[in-house]
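Values below: every heavy atom of this structure, side chains too, minus hydrogens, waters and symmetry copies.
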Amino acid sequence: MVQVESERLRNSLLSAISHDLRTPLTALVGLADTLLMTKPEVSAEQKELLDAMRQSALRMNDLVSNLLDMSKLEAGTVHLNKQWQPLEEVVGSALSSCSAFLDKRPITVHLDGDLPLVNIDTVLIERVLVNILENAAKYTPQYSPIEISGYRNGDQIILAIDDHGPGLPAGQENIIFEKFERGDKENATPGIGLGLAISKAIMKAHEGKISGESRPDGGARFTLTFPFLSPPEMKDDFPIREDS
């Protein structure tokens, strides 16, 4: 009971702090943008400093957003806007969002043609894919490929993301999905270990799961597993309502 209350208090504190930090961080980004557009133009040295300030504020804002999302997911206050969607649209949207840091990588997508629709919150599942792709961009060689595959396996729908980096540290395959855990704590790559924890919480909310493993031929594989559900019957282009 004490542990539950402690967790609830921590989530409340994280939520309050996150809200309070967002306003000044947004102001810093806006200030940097304004100064960069002033006339006469700032010097090259000043522009470099302003760019650094803007990027630092954006990274901190991402961190704050992750903390806020994590507290909401754990508190069960996130409302899922589930709709029947084809996975190829979600994958395409995630790749588009990641285009800035995936532009030099060969990306291969192979989804079975008869892949059924999934009942998901598109925004949240896209967030899961972006987190995984961002990790792949951070921890693998710059020009190494990424493969995405999807298929149905019995009563499950599988979406796998493969990279060609160092793989996952042995024994850390489950730990990396915990809050504030990173596979390699000595790595200089920025991050505090919330992306995969948020992804795990989102998949759990969808009654699915996420797992990670090292591939036998090198690299890491992250697998998203969704339950296979039959879409509601259609009548006159509208789904038949199923009252409980």
Side-chain angles (χ1 to χ4, degrees), residues 10-75 77-79 81 90-107 121-144 146 161 163 165 176 179-199 201-202:
R10 183 174 69 171
N11 286 336
S12 298
L13 286 172
L14 284 175
S15 180
I17 292 171
S18 299
H19 277 296
D20 289 343
L21 285 174
R22 272 186 163 179
T23 300
L25 288 171
T26 301
L28 279 173
V29 174
L31 177 60
D33 288 339
T34 300
L35 291 173
L36 286 168
M37 293 186 294
T38 55
K39 300 294 183 181
E41 293 185 4
V42 297
S43 66
E45 183 179 12
Q46 291 171 325
K47 184 179 185 301
E48 184 177 347
L49 289 172
L50 288 170
D51 282 336
M53 182 180 81
R54 186 178 189 279
Q55 291 304 317
S56 295
L58 286 173
R59 282 196 297 270
M60 182 61 71
N61 191 58
D62 287 342
L63 170 59
V64 167
S65 296
N66 282 339
L67 288 170
L68 187 58
D69 289 347
M70 194 73 244
S71 65
K72 287 180 178 179
L73 285 164
E74 291 194 332
T77 58
V78 173
H79 174 69
N81 181 24
V90 187
V91 171
S93 183
L95 288 173
S96 178
S97 298
C98 299
S99 59
F101 52 83
L102 293 178
D103 60 337
K104 294 181 174 63
R105 295 172 180 272
I107 307 293
D121 184 314
T122 307
V123 173
L124 291 180
I125 296 302
E126 181 183 333
R127 177 77 175 276
V128 172
L129 290 172
V130 168
N131 286 341
I132 296 173
L133 292 168
E134 185 175 17
N135 274 355
K138 284 181 178 179
Y139 296 105
T140 63
Q142 185 176 10
Y143 299 102
S144 62
I146 295 174
I161 302 93
D163 66 43
I176 58 173
K179 287 178 294 186
F180 308 112
E181 288 290 344
R182 302 182 68 195
D184 185 357
K185 294 181 173 60
E186 304 302 321
N187 196 298
T189 303
I192 64 168
L194 274 179
L196 290 179
I198 289 173
S199 299
I202 291 173

Is the closest side-chain donor-acceptor distance between Ser199 and Arg127 under 3.5 Å?
-> no
Glu126 side chain reached by Ser97 side chain, heavy atoms, under 4.5 Å | yes
Going by heavy atoms in the side chains, are Val123 and Asn81 under 4.5 Å from each other?
-> no
Which distance, rounded to the nearest 0.5 Å, do you find between the [atom1] of [X] and the [atom2] of [Y]?
X	Y	atom1	atom2	value
Asp51	Arg54	CG	CZ	8.0 Å
Ile107	Cys98	CD1	SG	9.0 Å
Ile198	Leu124	CD1	CG	10.5 Å
Leu28	Leu50	CG	CG	11.0 Å

Trace of the salt bridge (Lys or Arg N to Asp or Glu O under 4.0 Å) decision for Lys39 with Glu41 = CA-CA 5 Å; Lys39 300 294 183 181; Glu41 293 185 4; 3.8 Å; yes
Between [X] (side chain) and [Y] (backbone), is there a donor-acceptor pair under 3.5 Å?
X	Y	value
Ser56	Ala52	yes
Thr140	Ala136	yes
Thr38	Leu35	yes
Arg105	Ser144	yes
Glu48	Glu45	no

Atom of [X], atom of [Y] and distance for their closest heavy-atom approach:
X	Y	answer
Lys47	Leu36	CG-CD2, 3.7 Å
Lys104	Gln142	CD-NE2, 3.4 Å
Phe101	Ala137	CD1-CB, 3.5 Å
Leu25	Ala57	CD2-O, 4.0 Å
Pro141	Gly165	CD-CA, 4.0 Å
Asn135	Leu196	ND2-CG, 3.6 Å

When Leu95, Asp163, Val91 are each screened for side chain to side chain contact (heavy atoms under 4.5 Å, CB included) with Leu133, the one that passes is Leu95
